[in-house]
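One-based numbering, in listed order, for ligands and for the atoms of each.
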Amino acid sequence: MSDESKKLTTASGRPYFENENTQSAGPRGPLLLQDYILHEKMAHFNRERIPERVVHAKGSGAFGTFTVTHDITRYTRAKLFSQVGNQCRVLLRFSTVGGEKGSADTERDPRGFAVKFYTEDGNWDLVGNNTPVFFVKDPKKFGDFIHTQKRDPRTNCKSPTMMWDYWSLNPESLHQVLILMSDRGTPYSYRHLNGYGSHTFSLINAGNHRVYVKFHFKTLQGIKNFSSEEATEMKGKDPDHAQRDLVEAIDRGEFPRWSMKIQVMTEEQARSFAFNPFDLTKIWPHADYPLIDVGTLELNEVPANYFAEVEQSAFAPAHIVDGIGYSPDKMLQGRLLSYPDAHRYRLGANYEQIPVNRCPFAVNNYQRDGAMRVDGNGGSSPNYWPNSFDSIRADPSYREPAQTLESTLADWFDRNAPGEDDHYTQPGWLYRKVMNDVDRLHLVQNIVGSMKGIEGPKKSDIINRQLCHFFRADVQLGLSIAQGLGVDVADFMPSLTTNRVGA
Ligand code: NDP
């Protein structure tokens, strides 16, 4: 660096001669308005914060590499997967969901698992969580649900009453509630959790044939969770435990890795699946739809500047690439709109020009102007299409196959109508088939501990309603929780067996 370039300057480049004392009327007199450097320093400081994400505000990120290890070209023509051995750079942002930017990393919460693949065909974002399902299955319900995870309007505190009131009135949330209340709701670190694309997407191959797909990332560090007590203790000791763990592991050269796998379902299988394959509160059983190996994701680079590359990173499920498509998953459809909208609010209309979000390969379009346009704005090239001056064109070879729709009837369908209302079978599988004795014990303890926080005039209604859901998933689960809460179960026994598929 030359001496000239090391000079301290204002943002407009004027060299400072003094950075600690403000010009004043005499050594003990008031400050002078004309010391612009004081104003610039204070004004910029006042504007250092951008709106925090309304969900997933507390996050950590790292760059890395994705390597294709298995051939899936029979399912997708995406260039990334065209050959075993292909690699691309990735950014992975982990997060908690409900807490603010300064909240503790060990809060009981799902964890965001958002991956940006910088591919030749454009940036592909897989914006998932560490759970394969979600609390609601219609995006119209998202804002209401999130309000219950935030702060009570009067006390400004988190409220178990709001949470359990909502969950008890929305039985479709039961599957995700069981995972959240298990020890997987308090992961030890971001390195020790699985990631799930959660939604159903499409894969489209070179023959323009579509299959449906779910994406999974299995941690190669092994699953490791805190118990509830350990998580609470860590909140006090080190609220940034997961952030610190990620940075320190990468700095030590212990690069965290995940193996990426897919589940595939044909359009025909989708029509006869026992559940709605596009319902985000359901999984596809592995026995029927086995995991297929795809590749390995490794994180190996801590971003040099957190704000520039993690806070300003913007992921959106809408960002897909050729060979990957959407599905009729209602939550996915809602997120296609809401994520880019959130980024335009938080970062501005030109958020995709911020270096961490910019596609490193060709981007050509006629979008111009807008706040903070910093890439030359297309220079003197045409800003309309069609035009007689450039050769930019749409390429029909990228066209997706048409999708057959089941219905031409537009209406507001009941998301829990018969056929959609089995909220209990899969949570029952989780409790009986997948969890071990310790998992089940901790699950019950965590639920009882949380539900004991329900208060107010509706306390009994909420508890009784929620207990019915637990009983419907598994009678033993319901009994254990009722016992923990000191509730007499005689009231619940009659109506426990409705709405279950192949339980
Ligand atoms: P499988 O036995 O084939 O798979 C069970 C899955 O559950 C594994 O992916 C496992 O992940 C995960 N798992 C293990 N322990 C827990 C836990 N305590 N909390 C949450 N997940 C856990 O079963 P099925 O495919 O038939 O599914 C049965 C149930 O398993 C489902 O109802 C669902 O609740 C849960 N599940 C299913 C997934 C799927 O995509 N099929 C994915 C995740 C959960 P790991 O191997 O990494 O431990």
Side-chain angles (χ1 to χ4, degrees), residues 108-111 113 126 128-135 137 171-201 212-228 231 256-265 269-270 273-294 296-297 327 329 422-447 469-470 472-474 477 480 499-503:
R108 181 172 302 286
D109 212 354
R111 299 296 186 270
F113 191 101
L126 201 49
N129 279 330
N130 71 327
T131 65
V133 292
F134 195 62
F135 298 91
K137 53 181 171 177
E172 64 265 43
S173 59
L174 183 67
H175 199 177
Q176 175 77 317
V177 168
L178 287 198
I179 300 177
L180 175 70
M181 288 290 152
S182 78
D183 286 346
R184 290 203 181 196
T186 49
Y188 173 80
S189 81
Y190 289 136
R191 295 181 297 133
H192 295 88
L193 46 77
N194 291 340
Y196 301 90
S198 303
H199 294 295
T200 300
F201 287 88
Y212 291 116
V213 64
K214 281 191 186 279
F215 294 95
H216 301 250
F217 294 85
K218 294 270 193 179
T219 173
L220 295 177
Q221 290 66 246
I223 295 278
K224 194 170 161 191
N225 301 312
F226 280 124
S227 68
S228 202
R257 297 164 78 225
W258 284 261
S259 74
M260 178 174 158
K261 296 166 190 287
I262 53 172
Q263 286 178 292
V264 168
M265 187 184 274
Q269 286 172 320
F273 186 48
F275 302 92
N276 175 355
F278 310 117
D279 176 346
L280 189 56
T281 65
K282 304 290 188 297
I283 53 88
W284 299 355
H286 291 141
D288 303 329
Y289 300 93
L291 293 172
I292 299 167
D293 289 314
V294 179
T296 307
L297 188 157
S327 87
D329 177 334
D422 177 359
H423 315 301
Y424 307 108
T425 300
Q426 294 200 356
W429 291 346
L430 175 65
Y431 182 74
R432 286 187 298 277
K433 293 199 317 188
V434 176
M435 290 187 171
N436 62 30
D437 287 345
V438 175
D439 293 335
R440 282 191 281 261
L441 178 70
H442 287 191
L443 173 72
V444 169
Q445 287 172 342
N446 296 339
I447 290 174
H469 300 317
F470 292 133
R472 286 195 172 118
D474 187 275
L477 173 66
S480 307
N499 307 334
R500 306 171 80 192
V501 173

Main chain of [Y], side chain of [X]: is a donor-acceptor contact present, judged purely on distance under 3.5 Å?
{"X": "Asn130", "Y": "Asn194", "answer": "no"}
{"X": "Lys214", "Y": "Ile283", "answer": "no"}
{"X": "Ser228", "Y": "His442", "answer": "no"}
{"X": "Arg440", "Y": "Met435", "answer": "yes"}
{"X": "Gln263", "Y": "Trp284", "answer": "yes"}
{"X": "Ser327", "Y": "Thr200", "answer": "yes"}

Test log, rule side chain to side chain contact (heavy atoms under 4.5 Å, CB included), inputs Asn225 and His192: CA-CA 8 Å; Asn225 301 312; His192 295 88; over 6 Å; no
Show the atoms of ligand 1 that are less than 4.0 angstrom away from any heavy atom in [X].
{"X": "Trp429", "result": "32 (O)"}
{"X": "His216", "result": "40 (O)"}
{"X": "Gln426", "result": "32 (O)"}
{"X": "Lys218", "result": "8 (C), 9 (O), 11 (O), 45 (P), 46 (O), 47 (O)"}

What protein heavy atom sits nearest [atom], and how far away is it?
{"atom": "atom 41 (N) of ligand 1", "answer": "Trp284 O, 3.0 Å"}
{"atom": "atom 33 (C) of ligand 1", "answer": "His175 NE2, 3.4 Å"}
{"atom": "atom 31 (C) of ligand 1", "answer": "Ile283 CG1, 3.6 Å"}
{"atom": "atom 5 (C) of ligand 1", "answer": "Val434 CG2, 3.8 Å"}
{"atom": "atom 4 (O) of ligand 1", "answer": "His286 ND1, 3.1 Å"}
{"atom": "atom 48 (O) of ligand 1", "answer": "Arg184 NH2, 2.8 Å"}
{"atom": "atom 26 (O) of ligand 1", "answer": "Lys433 NZ, 3.4 Å"}
{"atom": "atom 35 (C) of ligand 1", "answer": "Leu430 CD1, 3.9 Å"}

Within-cut-off N or O pair, Asn194 and ligand 1, under 3.5 Å: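 Yes - when backbone and side-chain N and O of Asn194 are compared with those of ligand 1, one distance drops under 3.5 Å.
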Over all heavy atoms of both residues, which pair between [X] and [Y] is shortest? Give the atoms and the distance, please.
{"X": "Arg111", "Y": "Gly185", "answer": "NH1-O, 3.7 Å"}
{"X": "Ser198", "Y": "Asn129", "answer": "OG-N, 4.2 Å"}
{"X": "Phe215", "Y": "Ile262", "answer": "CD2-CG2, 3.5 Å"}

Using non-hydrogen atoms of the residue, decide whether [X] is closer than 4.0 angstrom to ligand 1.
{"X": "Tyr196", "value": "yes"}
{"X": "Lys214", "value": "no"}
{"X": "Ala287", "value": "no"}

